[in-house]
Structures are given as structure tokens and as C-alpha cells.
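Letters go in sequence order (proteins before strands), and every chain restarts at 1.
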Amino acid sequence: MAATVTNTEGVATAIGGGPRSRGGNGFPKNGGGRDGKDGEPLRFTPARYRIGVWMAIGSIVMLFTALTSAYIVRSASGNDWQPIAMPKVLWLSTLLIVISSVTMEVSRRSLKQQRDARYGRWLMITVALGLGFLGSQIIAWRQLVRQGIYLASNPYNSFFYLFTAAHGLHLLGGIMALTYLLLRTRQRRSTIDGELRRVGAADSATIYWHFMDVLWVALFFLLFFWK
Amino acid sequence: MAEATHDEVHRHPAPKGFIRKYIFSLDHKVIGIQYILLALTAVVVGMIMSVLMRVNLSWPGSKWSILGTLFPTGAPGGVMSDSFYLSLVTMHGTLMVFFVLTTAPQGGFGNYFLPIQIGAEDMAFPVLNMLSFWVTFVGFIVLLTAILAEGNLTVGAWFSKLGASFAGGTGTVGPIGGWTGYPPLSALGPIAGPGQGAGVNLWIISIAIFCVGSLLGALNFITTLLNMRTRGMSLMRMPLTCWAWFTTAILALLSFPVLLGGGILLLLDRIAGTSFFIPGGLFVSGNLVPQHTGGSPLLWQHLFWFFGHPEVYIAILPGMGATSHILSTFARKPIFGYRAMVFAIFAIGMLGFFVWGHHMFISGMSPYSAIAFSILTLSIGVPSAIKTFNWLGTLWGAKIRFTTPMLFAIGFVSVFVAGGITGLVLGQTSLDFFFHDTYFVTAHFHLVMGVASIFGMFAATYFWFPKMFGRMMNETLGKLHFWITFLGVYAIFIPFHAMGMLGMPRRYANFGEYAFLKNAHSLVLFVTIAAIITVGIQVVFYFNFFWSMFKGQKATDNPWEATTLEWTTATPPPHDNFAGVIPTVHRGPYEFAVPGAPRDFVMQTEPEGVEVAAELGDRSGNGGNGHKH
């Protein structure tokens with residue numbers, strides 16, 4: 001009964017950045033549990049998705065930190081380390097994923113401004129760019145295979161394939177998340193809770209997508225510019 | 001009941017069908033019980049393996065016709081082969097560390113009670129929660145398959161079809177490699193000897209799957225705790241159990257990805273011909289390994305122990321939380337130094353990330369880094385001592401109620417101290433040079449990480465059983481179980497120290513050839529008999545557990561007169577934990593013997609003013625009556 005939206009003001013405050021949701025990383029600033037008056041049901045707080053996605057990012061960072069430290073140790077542990085010349089198509093990959101970060105941000109802001117059609121459009125462009133990135137990565141793999149550079153040919157190659165595959169899999173997860181947003185969050189919801197969840201899901205997917213972008217750029221530098 | 005109708009919009013209704021209710025359930029309580037049942041299953045297998053190992057050590061070469069029937073190749077004619085023993089060592093360790101000590105304390109009790117204790121209706125992400133259990137379960141099945149792939153010729157033959165690196169059926173009982181799976185042997189595949197084929201691949205895959213399941217769980221725990229605490233439940237009003245589960249989840253979140261990364265590298269070395277861990281020019285069993293160059297076996301040790309050390313805290317911290325909670329409840333006193341306990345548990349968890357090198361003192365690391373690791377290791381003694389003294393301070397001068405959960409909680413303190421004190425010995429590089437890979441180490445980690453965590457879980461089981469199943473466990477059987485287990489574990493592990501000082505190396509299947517260990521044989525026999533009795537008495541626990549579920553005395557909502565939120569709701573709790581009336585918290589978790597209060601305990605939901613003492617630091621400002629149960 002109370003959760004049916006009768007005035008849009010509540011929704012706007014809830015999603016448009018009230019004092020609780022503006023900026024920050026989504027972690028509670030006071031340690032005092034959830035808001036609300038006694039006896040009232042507890043409201044969904046959108047920070048939930050953000051905390052969840054930051055935790056996921058934390059664990060992915062640890063995974064890549066482990067692999068990176070293995071990369072650094074291994075590069076110094078034998079005299080068999082032979083970096084390959086960078087496939088030029090990786091510049092295209094990098095360009096695509098950086099642009100996709102921008103389009104994702106446009107999409108998220110459109111949702112904040114309640115321009116739902118624009119939100120969906122830019123989301124679709126982001127998905128296309130993400131798929132383009134994966135395609136470009138696969139082209140790079142195929143070029144290397146044609147040159148006879150395989151996973152086990154050299155420790156450097158092993159790491160190259162491992163890093164690109166691990167990043168690609170995580171990005172594929174991101175594409176699935178965006179597809180979910182496309183299929184399930186383009187309709188406005190009728191409840192405050194539903195709206196909060198819709199915007200929260202888009203927010204956290206955006207954070208994840210930016211992280212994938214940053215992660216790729218870091219790996220790109222590690223693989224081809226770090227000596 | 002206005003609140004209940006109000007809330008209907010938010011709640012997902014309780015599922016009706018059997019499958020959604022008990023199998024693929026989204027309810028954290030059902031998932032918690034699933035984790036506990038998984039651990040109860042895995043621990044039986046692990047215990048049988050430990051008895052088999054003891055039997056082989058005490059009566060080497062003796063014939064057990066049943067073994068010969070079950071494992072015709074691993075125990076030809078009923079005599080256990082050495083590779084059989086080594087695979088028992090491996091699988092006992094893996095099962096116990098991953099599927100018992102990591103599942104029950106965190107996935108089991110944490111899942112069931114963390115949301116209730118912070119006043120949440122469920123976990124933050126129920127679907128992820130369900131996935132985390134079922135992913136873990138798949139990991140368990142893969143691990144059991146690893147046993148068959150090495151131990152069973154038929155199953156081994158299936159895997160052999162997948163390629164040379166998957167050759168199975170070597171006639172051991174499972175993969176060989178120890179729970180630490182050190183390369184280069186673990187990375188080479190079948191050429192490294194028996195038990196190195198398909199079983200080890202499956203062992204790595206199982207651990208990798210387990211990592212994913214644990215990560216999903218950890219993410220969920222942290223989000224739930226940060227986001228879903230009820231009104232008035234500030235961080236410093238949380239029960240210490242929640243702090244323990246929270247710290248454990250952080251450790252899991254940051255350490256399991258590292259093991260996952262290491263596991264992927266190890267698997268690639270085995271099946272894809274890479275050389276991450278395999279050095280060049282390696283001779284194995286007299287044969288040169290030609291196709292690998294330049295890898296670093298020590299790299300695996302670093303990756304493994306960067307995970308491995310936090311992992312021992314993942315096992316023990318929930319036990320510390322449960323012990324603190326239960327000691328306070330049955331001492332009828334507030335926990336001594338709540339804030340110090342919180343900081344200590346966090347300090348132990350965080351320091352745990354900087355001490356992994358102490359597992360590698362003899363690996364040839366620089367003495368300077370060894371000293372740094374040593375000092376950091378010994379400094380963990382400080383927060384551990386803070387916790388111990390606070391537990392003793394809680395017990396000091398208390399009118400203790402000696403129930404079974406209390407006995408196990410006190411037992412936890414005892415074995416934690418007994419096992420922890422040898423950490424100060426092993427943490428010193430000079431002493432570790434002698435003790436490394438002896439029974440002294442086995443004694444240390446079994447007491448402090450194995451037995452202590454299990455005591456924490458026994459305490460938790462006896463304590464929360466009435467809330468989970470609505471019936472009490474039998475106290476007489478419980479006390480019998482406690483005393484024999486308590487004396488039994490000391491009878492097993494105190495002699496281990498002596499054996500270690502004699503220089504008895506761990507993981508050896510047979511000591512017959514070593515003259516200097518002849519005198520130790522009576523100790524070995526004594527330990528075996530103690531182990532058989534201790535394992536045997538666990539039957540009483542299992543009986544008590546399942547019998548009480550149906551025939552135990554009916555429990556009231558708050559049988560122990562405890563103060564935290566799980567005791568404010570019905571027994572067993574309804575689907576959304578509080579039947580739509582979310583409680584509001586007005587005070588800390590351990591308010592026992594409050595001067596002026598009508599009873600000797602004050603529930604967390606009771607508003608200000610039931611006692612004379614003014615309450616400080618309340619920021620909720622509600623003042624209403626949240627306790628409407």
C-alpha cells in the first residue's frame with residue numbers, strides 16, 4: 001500500500017541523489033544501521049548493489065594482482081623470457097573499450113535524468129562496443145596463432161593468453177550484466193523500491209564496466225610497455 | 001499487525017514446493033543447514049581417512065582384508081601401499097581444510113545466524129547465496145571424483161581417454177601431493193609417479209570451484225553486514241560472532257582469488273605444457289623432463305601461502321566469535337573488553353596477510369625476509385593474547401552455567417592456547433629449521449586450527465541447535481561427548497609434540513627403517529588408540545544431532561536466556577526471520593547482570609530505561625518499542 005508511488009517526488013529524491021546516495025562509494029557513513037521510523041518496514045538501500053560490486057572488484061583485483069606478481073617473478077626467474085611484438089589490432093581493442101566507458105557513462109546519466117529511451121540506446125551502443133572489443137581480441141589471438149605463437153611456446157606468451165582470456169571472461173560477464181539491464185530495466189517500475197533497484201543495478205553495472213576498462217588499460221601497459 | 005501488511009510488498013513469500021524449499025532454496029537458513037550437512041558428510045570421510053592412516057602407522061604391513069576388497073590395487077592383499085597412505089594424507093587435508101573448516105563455521109553458522117543477528121530478513125543477494133552453496137557442492141563432488149579417478153581402474157580409464165595428462169587409475173586411493181600441492185611434482189603429471197594423473201587435475205579443479213563458491217559467499221556476507229543491519233544496529237552493537245564472520249569474509253574475499261590464480265597456473269602447467277612452476281633440466285625418477293624451462297616452484301609456494309595463511313584464520317575466527325558469544329552468555333557477564341575483542345579479531349585477520357613466509361623458512365629465502373616474517377608472525381601473539389585474557393576475564397568471578405556449549409567454548413580456549421603457544425616456537429626461524437615438516441608442526445596446526453575450530457563449531461551446534469530445529473540436544477550425551485573428545489584430542493596431539501622433537505617427519509607412510517624412531521613406537525600406538533576412541537565418540541554426537549532433531553525436548557524461544565536478536569524471534573525462525581516485524585536495536589549485545597534491570601539479561605531490543613544506568617552512545621533516537629514479538 002505505502003510502496004505504491006503516488007507522488008513522483010519520493011522517487012526523484014530516492015534516485016536523483018538525496019544526501020545518502022550522492023557521490024561516495026556507497027558505504028554507510030554512519031555506523032547506525034538502516035533508516036526509517038520504528039515499526040515501518042525497512043527500505044531497500046541502493047548502496048547494497050554498489051557494495052556488492054566493489055567487493056567483486058576487490059576480489060578480481062586480487063586475482064589479477066596474483067597473476068601480475070607471478071608475471072613479474074617469472075619474467076626474472078629464467079632466461080627464456082621473450083616478449084612478442086604487439087599485434088597492432090590491440091590498439092583498436094583499447095580504443096573501443098575506452099570509448100565504451102564513455103558511452104556507458106552517458107547511458108547511466110540519461111537514466112539519472114529519467115530519459116529512459118536515451119538510456120536504452122546508449123546501453124545498446126555500449127554492448128556493441130564491448131562485443132567489438134572481444135572480437136578485436138580474438139583477431140589478435142588469431143594473428144598470433146598464425147605466426148606460430150601458442151600458449152606454451154614461451155612464458156611471456158602464456159601470460160599474454162592468460163591475461164587476455166581472464167580479462168575477456170570478466171568482460172563477458174559485464175556484457176551479460178548489460179544485456180540483463182537492456183532486457184529488464186528499461187521499463188520504469190511502479191514502486192519506490194523497484195525504481196531504487198533499477199537505478200542501483202545500472203549504477204553498479206557502470207562501476208563494473210569502468211573497472212573492466214581500467215583493468216584492460218593496466219594489463220595493456222603491463223604486457224607491452226613495462227620493462 | 002499493520003506492519004505486516006505494510007511489509008508484504010517487500011517480502012518474497014515463502015516457497016511452497018519441496019525443491020525450492022529444501023534443495024534450491026534462497027533462504028539463508030536452509031542454505032546454512034545445507035552447508036552444515038555438507039561439512040558433517042565431509043568430516044566423516046576425513047575422519048575415516050585419519051583412522052586408516054593411524055592404523056597403517058601403528059601396525060605397518062598388517063592385513064585388512066576389507067581394504068583389499070575395497071581397494072584391490074591400493075591395498076593389494078589387504079596391505080596398504082605407501083602411495084595409498086600418501087593419498088590419504090592428501091585427501092584428509094583437503095577435505096578437512098576446505099570442506100569442513102571453511103564450510104561449517106562460515107557458510108554454515110554464518111549463513112544461518114549473521115542475517116538474524118543483525119536484524120535482516122535474508123542475505124543481500126539470496127541467489128548468489130544459493131549459488132555459493134551449490135558451487136561448493138560441485139567442488140565436493142569433483143573432489144570425490146578425484147578419488148575414483150586415481151583409485152578406481154574403471155573410472156580411471158574414462159579419464160585416460162581425455163589425454164596423457166589425464167591418465168588415471170594408478171591404484172592409489174586418490175591424488176598425491178598433500179593439501180599444499182607443491183610443484184614441481186604436482187605440476188608434471190603422470191611421469192611424476194603414482195597418484196599424479198587425472199586425480200591431481202580434478203583436485204585442482206575442485207579447489208578452483210571451491211574458491212569461486214567461497215568468493216560468492218564472502219561478497220554476500222560483507223554486503224549483508226554493511227547494508228542490511230536493522231535500525232539501531234550500529235557496528236559496535238553487533239555480536240562478536242558477526243565481527244568474526246565479517247573479518248573472515250574479508251579474508252576469504254582477498255585470499256581465495258590468489259589461490260584461484262595459482263590453481264589456474266598449476267593446471268596449465270599440467271595440461272597445456274606451460275612452464276610457470278617447472279624449472280628446466282629437471283630429473284624425475286631418473287628421467288629428464290625435456291619440454292619445460294625456467295619455471296619457479298617457489299612462486300607456487302608464495303601464491304599458495306599468501307592464501308594458505310589467511311585460510312587458517314578463515315577456519316578459526318568464526319570459532320573465536322562463537323566462543324566469545326557463548327562464554328559471555330553462560331558466564332552471565334558482559335564480554336570483557338568488547339572493543340578490544342573487535343580490534344583484536346580484526347588485527348589477527350589483517351596481520352594474517354603478512355606472515356605467509358613463515359611456511360617457507362627452509363625454502364632458501366633471504367634471512368632478512370625470514371626475520372621480517374618471523375617478527376610479524378610473533379606479533380600475532382599480541383591480539384591472540386588480548387583475546388585469551390579477555391575470555392579469561394569474562395570467566396573471572398562468574399557464576400558459570402556449565403552447559404555443553406559452554407564446556408566446548410571453554411575447551412576452545414584451552415586448545416587454542418595449547419596449540420597457539422607452539423606457534424611462538426615455530427614462528428622463529430632457528431627453531432623452525434629443526435621442526436619443519438615434523439610431527440611438531442602437525443601437532444601445532446591440528447590443535448590450533450583443526451581442533452579449536454571444531455570445538456568452536458561443536459559449541460555453536462549445541463548452542464544454536466534449539467533455534468535451528470526447535471528442540472534441545474541431549475545434555476548428558478553432550479557432556480559425555482565433550483569430556484571424551486577433550487581428553488582424546490590432548491591424548492592424540494600432546495604425544496605428537498614429543499614425536500616431532502624426536503625428529504619424526506610428517507607424511508611418511510612407514511618409520512620401520514629409522515632406528516632413531518624405534519623408541520617412539522609405543523607413543524605411535526598410544527596415539528592411534530586415542531584417535532580411535534576420539535573418532536568413535538563422535539558417533540554419540542551424530543546420534544545426538546539427528547535424534548534430537550526429531551525426539552529432543554522442545555525448546556522455548558530463548559532457552560539460554562541470551563540477549564541477541566536470534567533469540568527474539570520464533571523457534572525455528574519464520575521464512576523472513578522476524579515475521580514482518582523488523583526489530584529495532586537499542587543496546588549492545590552482551591548486557592548481562594545489568595544493575596537495576598529486572599532480569600539478569602537485557603535483550604538488545606529492549607528500549608532504554610529498563611535499568612537505572614543511563615545508556616550512552618545511543619544514536620538511533622527512536623525510543624519506541626521495537627520488541628513486539
Ring centroid separation for A:Tyr71 and A:Trp81, is it under 6.0 angstrom? yes

Pair B:Trp243-B:Tyr338, side-chain donor/acceptor within less than 3.5 Å: yes

Which region of B:Leu216, side chain (C-beta onward) or backbone (N, CA, C, O), has a non-hydrogen atom less than 4.5 Å from a non-hydrogen atom of chain A, or is it both or neither? neither

Contact class of B:Leu268 relative to chain A, heavy atoms under 4.5 angstrom: side chain

Measure centre to centre between the rings of B:Phe307 and B:Phe256, then say whether the value is under 6.0 Å. yes

Taking a cut-off of under 4.5 angstrom between non-hydrogen atoms, the residues of residues 157-165 of chain A near chain B are A:Ser158, A:Phe159, A:Leu162

Please list all pairs meeting side chain to side chain donor-acceptor pair (under 3.5 Å) that have one or both residues in residues 174-188 of chain A, counting only residues at least two apart or in different chains. A:Gln114-A:Arg188, A:Asp116-A:Arg188, A:Tyr119-A:Thr185

Residues A:Ser93 and A:Phe133: closest non-hydrogen pair is O-CD1, 3.2 Å

Structural part of B:Leu253 lying under 4.5 Å from a heavy atom of chain A: both

Which residue pairs pass the salt bridge (Lys or Arg N to Asp or Glu O under 4.0 Å) test with at least one member in residues 65-83 of chain A, sequence neighbours excluded? A:Arg74-A:Asp80

Which atoms of B:Ile118 are under 4.5 Å from chain A, going by heavy atoms: the side chain, the backbone, both sets, or neither? neither

Between A:His167 and A:Trp216, does the ring centre distance come in under 6.0 Å? yes

Please confirm whether the ring centroid of B:Trp245 lies under 6.0 Å from the ring centroid of B:Phe221. no

Looking only at side-chain N and O atoms, does B:His28 offer a donor or acceptor that is under 3.5 Å from a partner on B:Asn577? yes

Pick one of side chain, backbone, both or neither for B:Phe306, based on which atoms fall under 4.5 Å of a heavy atom in chain A. side chain

Can you pull the side chain to side chain donor-acceptor pair (under 3.5 Å) pairs that have at least one residue in residues 260-277 of chain B, sequence neighbours excluded? B:Asn201-B:Arg270, B:Asp269-B:Thr274, B:Ser275-B:His292

Relative to chain A, which segment of B:Leu254 carries a heavy atom at a distance below 4.5 Å: side chain, backbone, both, or neither? both

Given that the side chain runs from C-beta out, which part of A:Leu151 has a heavy atom under 4.5 Å from chain B: side chain, backbone, both or neither? both

Heavy-atom pairs under 4.5 Å with chain B - which of A:Pro155, A:Ala166, A:Ala70 has more of them than the others? A:Ala70

